[in-house]
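Quick notes on the structure that follows.
It should be emphasised that the depicted structure is a prediction, and the values quoted were computed from it without experimental measurement. By convention in this document, chain letters (A, B, ...) are assigned in the order of the sequence lines, proteins followed by strands, and residues within each chain are numbered from 1.
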Amino acid sequence: MPETRELTLGEAVREALAEEMRRDSTVFICGEDIAEAGTVFKVLSGLVDEFGPERVLDTPISEPGFTGMAVGAAMTGMRPVVDIMFGDFSTLVMDQMVNQAAKVHYMSGGKWKVPMVMRATLGASRRSAAQHSQSLHAWFCHIPGLKVVLPSTPYDAKGLMKTAIRDENPVVFFEDKMMYKLKGPVPPEDYTIPLGLADVKRKGDDVTIVATSSMVQVALGAATMLDAQGISAEVIDPRTLWPLDEETILESVKKTARAIVVDEGYFRYGATAEIASVIAEKCFFDLDWPVKRIGAMHVPIPFSPPLEDATVPTEQMVFDAARNMFE
Amino acid sequence: MTTAVDPSKTQAQAEAEQWLRMYRQMLMIRSFEESANDLYTRALMPGLAHLYIGEEAIAVGVCQSLNPNDYITSTHRGHGHCLAKGAELDRMFAELLGKKAGYCKGKGGSMHIADPETGNLGANAIVGGSAGIATGAALSAKRLKTNQVAVCFFGDGAMGQGLLYEVMNMAALWKLPVIYVCENNLYNEYTHNSETLAGDMVTRAAGFGIPGEAIDGQDVRKVYATAKEIVNRVRGGAGPAFLVCNTYRFHGHHVGDVKRDYYRSKEEETMWKTQRDPVKMLADWLISEKLADRAALDKMHAEVEAEVKKAVKFAIDAPYPGVDEVHDDIYA
């Protein structure tokens, strides 16, 4: 009888890390408050008990420093996982990720490799205000040499994290901090999910909704609402924004002839812009309606609850956009 | 590292050979840089050329104290470090010219030469940018128990970069085998460091409990002796070290920096070139100690020049990479 169990997304990430650390002694995690504290979100709780403080390495508050060290350690035989507590702090490590990690392999003519993972959170809705609520993943997608992963379910989180750790390149792994308590089935065994393979989270015929990270739940909610109206929505989760599985997205759009792209990053120049462009360039004559993009409002994320809530895409917004395509 | 004693050689002979070897390396770097200057001014070398002329004693003195598998990271003024760590002249020149035969298949260029075979983690065009990489390599060496050390070369300009202090803090906390070598050539590009560095440069590391010292970077004998002692200590588990080598770049920040009188005087340049040239200083000492005569040194000079000339020809004749290779090596 197959074992069935549910884990939260946070537990799935922790299980992936623990399994990889057991499997490969060169894997280590470093970051602020990750050992005894287990990170502010408690995702890493207990790991230090099994692996010790040298492999679950509490660092000073020095994001550029320890990210840079991870680059050097990755080049010289280790597989570091860097924990960036809030994705907003990735602003501090851009030189190390963009000028160093992403470039080393290319600039050295393929001689040095940087097998590291940078984990960071994204997402608003915690009333944390403008410096703790941004979704900056699109920045990293812009840089050749990096790979960018955004899991939307516990199952995906475990499989994608294991692949990210085993990848020979720098991978940036974004976890939505509102999803750490999201539960879902996670097999206890070892499995991986290839980077660059989208997942059809819901089959449908009338409209394609491409959604990332927590926006997958938003899209699924909207799809249920649309169902009641007789509109069948297909929800596609790219899972990795780079590499991007264009094929799965385009196939779906060719079938439905309508596309909505939803992402919690800033709307302007964001992930939605890229995906919508791909669809427009490659499926223009298959479309019955212009591609619709929905992203975070182009404002610093405000503190006040009603204001913050207004910045994040909702089921209603996705529903309205889809509904509009059939009027 | 000690090697088996050759009974036919006296200690003095062995030492003489060692200094002559370092002299040859300094000549090689000097000649390489003069040729790079020539290639650049003849428009054969694209991009930028930051010459190391005047600073050769540091790369040679430090790298001679390292094992072949020890790590280094370098800077935008990095040709000397790469050569001193064992890079070949021909592939170096090929890289400078953007040729496929270069160390990085022509994709890195002058400022990014890397070579795993000689432990060279790469030159870096971001000032202070490699401090993290060198410290991370030291972390690996410690965790994997490889007995390697990592040397991070940087200029006095990097003393203004926060990354350096972040990693010094962690290297000291975790007793990592890393040596921070500051090549203090007095100028942060076009600005004298009296305008950019507050307080005392050497004692900055002391704040982290990292021992530091400043030495004459023009005297290769001093650099080598000091580096050797530091490397032994660091390899033995003492934790990081900081070494300031006081030096001078004879040329401008880069080859195009020819009108320099607004930031430094002709007299100052002349003084360093005539009285503080590391190559001349070692030659004079070798002759005065009767370890070599002028004719032998001249002969060595001619040999090195011929080698460099041959390497330049190799690079000029070498093909460029195919345009279809532009997408190679983005991902491993």
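Listed by first then second residue, pairs satisfying salt bridge (charged side-chain N to carboxylate O under 4.0 Å, His left out) with a partner in residues 318-332 of chain B read B/Lys100-B/Glu325, B/Lys105-B/Asp329, B/Lys107-B/Asp329, not counting sequence neighbours.
A 6.0 Å sphere centred on OH of A/Tyr269 holds no more than 12 heavy atoms belonging to other residues, nucleotides or ligands. Applying the 6.0 Å contact sphere to CD1 of A/Ile61 captures no more than 12 heavy atoms from other residues, nucleotides or ligands. Residue B/Gln161 places its CD atom among more than 12 non-hydrogen atoms of other residues, nucleotides or ligands, all under 6.0 Å distant.
With a threshold of 4.5 angstrom between heavy atoms, B/Tyr71 approaches chain A through side-chain atoms but not through N, CA, C or O. For B/Ile113, no part sits under 4.5 Å from any heavy atom of chain A, backbone or side chain. Heavy-atom distances place both the backbone and the side chain of B/Ile330 under 4.5 Å from chain A. Looking at A/Thr67, there are no atoms closer than 4.5 Å to chain B (heavy atoms on both sides), in backbone or side chain. For chain A, no part of B/Ala134 is nearby; none of its heavy atoms comes within less than 4.5 Å. The contact between B/Leu176 and chain A is made entirely by side chain atoms (from C-beta outward), counting heavy-atom distances below 4.5 Å. Of the two parts of A/Leu57, only the side chain, counted from C-beta on, holds a non-hydrogen atom closer than 4.5 Å to a non-hydrogen atom of chain B. If you measure heavy-atom distances from B/Val178 to chain A, you find no contacts under 4.5 Å at all. For a residue to count as touching a neighbouring chain, one of its non-hydrogen atoms must lie under 4.5 Å from one of that chain's; by this rule B/Leu121 touches chain A with backbone and side chain alike. Interface remark: B/Asn120 contributes backbone atoms only to the contact with chain A (heavy atom separation under 4.5 Å).
Close approach to chain B, defined as a heavy atom under 4.5 Å from one of its heavy atoms, is seen in A/Glu168, A/Asn169 of residues 161-171 of chain A, taken by number. Among residues 20-50 of chain A, the residues having any heavy atom closer than 4.5 Å to a heavy atom of chain B are, in sequence order, A/Thr26, A/Phe28. Of residues 81-96 of chain A, those residues with a non-hydrogen atom less than 4.5 Å from any non-hydrogen atom of chain B are, in numerical order, A/Asp95, A/Gln96.
Proximity of A/Met75 to A/Lys113: side-chain heavy atoms (C-beta onward) are nowhere separated by under 4.5 Å. B/Arg235 has its side chain within reach of B/Asp70: a pair of non-hydrogen atoms, C-beta onward, lies under 4.5 Å apart. Residues A/Ile249 and A/Ile279 are in side-chain contact: their nearest non-hydrogen atoms beyond the backbone lie under 4.5 Å apart. In this structure the side chain of A/Val148 reaches within 4.5 angstrom of the side chain of A/Phe174, judged on heavy atoms. The side-chain heavy atoms of A/Asp156 and A/Asp237, taken from C-beta on, include a pair separated by under 4.5 Å. With a 4.5 Å cut-off on side-chain heavy atoms, A/Glu175 and A/Arg119 count as touching.
Most heavy-atom pairs under 4.5 Å with chain A, from the set B/Ile126, B/Thr146, B/Leu173, B/Asn169: that is B/Ile126. Note on B/Leu163, B/Val167, B/Asp115: by heavy-atom pairs under 4.5 Å with chain A, the leading option is B/Leu163. Taking A/Pro60, A/Pro64, A/Pro80, A/Gly110 one by one and counting their heavy-atom pairs under 4.5 Å with chain B, the maximum is reached by A/Pro64. Top candidate by heavy-atom pairs under 4.5 Å with chain A, chosen from B/Ala137, B/Ala150, B/Gly136, is B/Gly136. Considering only heavy-atom pairs separated by less than 4.5 Å from chain A, the leading option among B/Tyr165, B/Trp174, B/Tyr103 is B/Trp174. Top candidate by heavy-atom pairs under 4.5 Å with chain A, chosen from B/Arg143, B/His112, B/Met168, B/Met170, is B/Arg143. The greatest number of non-hydrogen atom pairs below 4.5 Å with chain B, out of A/Lys103, A/Lys147, A/Gln100, is found for A/Gln100. When B/Gly108, B/Gly129, B/Ala131 are compared by the number of non-hydrogen pairs under 4.5 Å with chain A, B/Gly129 comes out ahead.
The aromatic rings of B/Phe154 and B/Phe242 sit parallel, their planes meeting at an angle under 30°, below the 60° perpendicular limit.
Taking CH2 of A/Trp139 as the start and NE2 of A/His142 as the end, the distance is 12.0 Å to the nearest 0.5 Å. With values rounded to the nearest 0.5 angstrom, A/Asp199 atom CG is found 7.5 Å from A/Ser152 atom OG. Atom CE of residue A/Met78 and atom OG of residue B/Ser140 lie 5.5 Å apart, to the nearest 0.5 angstrom. To the nearest 0.5 Å, atoms CD1 (B/Ile72) and CG (B/Leu66) are separated by 8.0 Å.
With hydrogens and angles disregarded, no donor-acceptor distance shorter than 3.5 Å links the side chain of B/Tyr180 to the backbone of B/Ala241. Of the possible polar contacts, one joining the A/Ser108 side chain to the A/Trp112 backbone as a donor-acceptor pair under 3.5 Å is found.
The only member of A/Glu251, A/Glu247, A/Glu246 that meets salt bridge (Lys or Arg N to Asp or Glu O under 4.0 Å) when paired with A/Lys282 is A/Glu246. When B/Phe32, B/Tyr40, B/Phe93 are each tested for a ring pair (Phe, Tyr, Trp, His ring centres under 6.0 Å) with B/His79, only one passes: B/Phe32. With B/Arg77 as the fixed residue, the side-chain hydrogen bond (donor to acceptor under 3.5 Å, both in side chains) test singles out one of B/His50, B/His253, B/Glu183: B/His253.
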Should A/Glu19 and A/Lys158 be marked as a side-chain contact (heavy atoms from CB on, under 4.5 Å) after you check the CA-CA gap, both sets of side-chain angles, and the distance that decides it? CA-CA 10 Å; A/Glu19 285 181 15; A/Lys158 180 177 172 183; 3.0 Å; yes
How far apart are the C-alpha atoms of A/Lys111 and B/Glu117, what are their side-chain angles, what is the distance that settles it, and do they pass the salt bridge (Lys or Arg N to Asp or Glu O under 4.0 Å) test? CA-CA 10 Å; A/Lys111 286 186 180 168; B/Glu117 282 169 37; 5.9 Å; no
